[in-house]
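Bear in mind the structure is a predicted one, so any value in this text is a computation, not a measurement. Quick note on labels: first sequence line is chain A, next is B, and so on, each numbered from 1.
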Amino acid sequence: MYYDELTAALEKAVTKLGLEIEHIEVMPPRDPSHGDASTNVALILAKKAGRNPRELAAELVDALELPENYIDSSDIAGPGFLNFRFGRAWYESVLRDVVSGGDAYGTSDGGRGKNIQIEFVSANPTGPLNIVSARAASVGDAIGTLLEATGVSVQREDYVNDAGQQVGKLALSVDARLKELRGEPFEIPEGGYHGEYLKDVAASLLAAKPDLGAMPDKERIAYLREAAIENIVAGQRADLEAFGVTHDRWFHETELAEAGAVEDVLEKLKASGETYEKEGATWLRTTPHGTNDDKVIVKSDGVPTYLLPDVAYHINKFDRGYDPVIDLWGPDHHAHIAETHAALEILGYLKERLEVQIIQQVNFIEGGEQVKMSKRTGNIVTLRDLIADVGVDVAKFFFLMRKQSAHLDFDLDLAREQTDENPVFYVQYAHARVSSLIRFAADKGASVPAADEVDLADVSGEDARSLVLLLADFPRLIAGAAEAREPHRLTTYLRELSAAFHSYYHGHQIVSDDAGTTSPRLFLSQAVKTVLGNGLRLLGISAPERM
RNA sequence: GCCCCCGUAGCUCAGUUGGAUAGAGCAUCGGUUUCCUAAACCGGUGGCCACAGGUUCGAAUCCUGUCGGGGGUACCA
């Protein structure tokens, strides 16, 4: 964002020279000794115009028109890069904008008018949320806030898969636990759920309805089908709430069935002429749309496969006006992307409208060894366990440190560490440190000056350079992370900014008896605090005032 | 077999959608507190970006192939 003015000036200069370019890219150079901003326009133009890039660069510099003190120097390097060093006016305007922007600093409106839905977690309603769901919760929520920060209207949804045959198995499994509670012989049914958590579910259902045992079998099982799901989903929702993640809507698969949406999709698929009967089942010709084989949509027993309700669900989302729809799926659902896209295409929808992000699996590492996730050994298996072990902030930050599409090694020893080695505390400490500085200054009668009054000469120079450049880059980073659906860029950034601040802090006495340096340095610190706080908030992580 | 992800320092990973001399944390070696929070900072050691081709002014990044690791590949959801 802070390259906008320079970019615009470059565009004008290009026109002045009678040349044309589609897009001018101005970036911070990788090596800071090359300056504050760099562009390769001359290289690109030279190719098209058949000219020497360095000569062209020199002409561009001559044609540039910028405000006074905006640029300190510009030079031509290497094959024809143009490097600029910003001047006082630029540094000061960044700092003033950060502080006066406050909570809104970093937001933009490039996504205004877009209506995006993100569906995440959507765990089977047969048990508590596991670790992949926990990762999905962190990532999905963060992608949502990042999109919101670019002006997008975001809806967060959780899909409750309450219509498949697993529901019956769940009811029978809970019924077995009810028998166990009464001290009767019991048996978990074939293919049922053996988790101990169902004992708790059974107990709480019994407490709510003490006459359960007296109900006729058929009636009781029918009751359990709904009550068990409801109980477990309520537990999932409570766990997510404890994790600071809230969905706008919990969409039940049964809603689709009730609306006749599944039959409707089946009709339309048949009408498309892309279905056929084979071995008593109904198949969909998905192979021309990129799958390995055609897919069964109605089994030989007459029951639809998951694909029909899934497609019906996505059409439902499209009908609600979301474009695109982003889904976060677990690694085990990876193979279904192609077939869902295929079915949507057959029905005339652009497959780009459904964007699927795969949230890869998580391995816990303890003592250098991979931890087997099993309840029997007492290790962490659920989101609830994880929160109890390392806390919400640490869990979220760790999940957001890696690209979600890659496997994550979650270092439990490090996560439990309450020291400088833990990156979460490192970032939070930087934030708390600024708060502490401001408190200390207040004791001495100093406060953060107003943006339009402060003289920033002291922090517009060499010493504060890397810090201000990072602050200036924040809006661009947010927009890029939202666009790429990559919240991990933000954790990386926050660690860098924290390091830059800690370093500046050690090199400079912020609060002193000299009001001439205290005032601008407090202002700079406030700017850092603003960005750290905004960044942490976007990730759903707390920004403490003291530690 | 086919599909996806991954391969960057001893370890865990970044690398801003193709830029200049490839970065951080940890580990390791050595320094910094009469001073605003040492949960911090400064410096050293450490690299054939898996390998081989290709695309171009320019490749860790894009394409092809090979090797290695992980996951997926139901008339379950």
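The side chain of A:T492 contributes no N or O atom lying less than 4.0 Å from OP1 or OP2 of B:A14. An OP1 or OP2 oxygen of B:A38 is reached within less than 4.0 angstrom by a side-chain nitrogen or oxygen of A:R433.
Remark: A:S436 engages no residue in a side-chain hydrogen bond (donor to acceptor under 3.5 Å, both in side chains) (not counting sequence neighbours). The salt bridge (Lys or Arg N to Asp or Glu O under 4.0 Å) check on A:E255 picks up A:R249, with sequence neighbours excluded. For the side-chain hydrogen bond (donor to acceptor under 3.5 Å, both in side chains) test, no residue two or more places apart in sequence or in another chain qualifies with A:E274. In this structure, the side-chain hydrogen bond (donor to acceptor under 3.5 Å, both in side chains) partners of A:N534, at least two apart in sequence or on a different chain, are A:R537. Partners of A:T287 by side-chain hydrogen bond (donor to acceptor under 3.5 Å, both in side chains), not counting sequence neighbours, listed by chain and number: A:D294.
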Identify all pairs in which a protein N or O lies below 3.5 Å from an N or O of nucleotides 67-70 of chain B, and state each distance.
unit_1: B:G70; atom_1: O2'; unit_2: A:H407; atom_2: ND1; d: 3.3

Could you list the protein-to-nucleotides 73-76 of chain B atom pairs, N/O on both sides, closer than 3.5 Å?
unit_1: B:C75; atom_1: O2; unit_2: A:S300; atom_2: N; d: 2.7
unit_1: B:C75; atom_1: O2; unit_2: A:S300; atom_2: OG; d: 2.9
unit_1: B:C75; atom_1: N3; unit_2: A:S300; atom_2: OG; d: 3.4
unit_1: B:C75; atom_1: N4; unit_2: A:E279; atom_2: O; d: 3.0
unit_1: B:C75; atom_1: N4; unit_2: A:E279; atom_2: OE1; d: 3.1
unit_1: B:C76; atom_1: OP2; unit_2: A:K299; atom_2: NZ; d: 2.8

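Annotation: salt bridge (Lys or Arg N to Asp or Glu O under 4.0 Å) contacts involving residues 487-501 of chain A, sequence neighbours excluded, comprise A:E486-A:R489.
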Which atom pairs, donor and acceptor, lie under 3.5 Å between side-chain atoms of residues 330-337 of chain A and protein residues at least two apart or in another chain?
unit_1: A:H336; atom_1: ND1; unit_2: A:Y306; atom_2: OH; d: 2.8
unit_1: A:H336; atom_1: ND1; unit_2: A:E339; atom_2: OE2; d: 3.4

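Comparing B:C41, B:A14, B:U16 against the side chain of A:Y426 picks out B:C41 as the nearest.
Separating the C1' atom of B:C35 from that of B:C6 is a span of 48 Å, rounded to the nearest Å.
Among the heavy atoms of the strands, none lies under 4.0 Å from A:E496. Residue A:K403 is in sugar-phosphate contact alone, with no base atom involved, counting any heavy-atom pair closer than 4.0 Å across all strands shown.
RNA chain B contains the following stems of three or more consecutive Watson-Crick or G-U pairs, with both distances under 3.5 Å: B:1-7 with B:67-73, B:10-13 with B:23-26, B:28-32 with B:40-44, B:50-54 with B:62-66.
RNA chain B lies under 4.0 Å from at least one heavy atom of each of the following residues of residues 500-508 of chain A: A:H502, A:S503, A:Y505, A:H506, A:H508.
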Where protein sits on nucleotides 17-22 of chain B, one letter per nucleotide: B base, S sugar-phosphate only, - none, heavy atoms under 4.0 Å: B-BB--
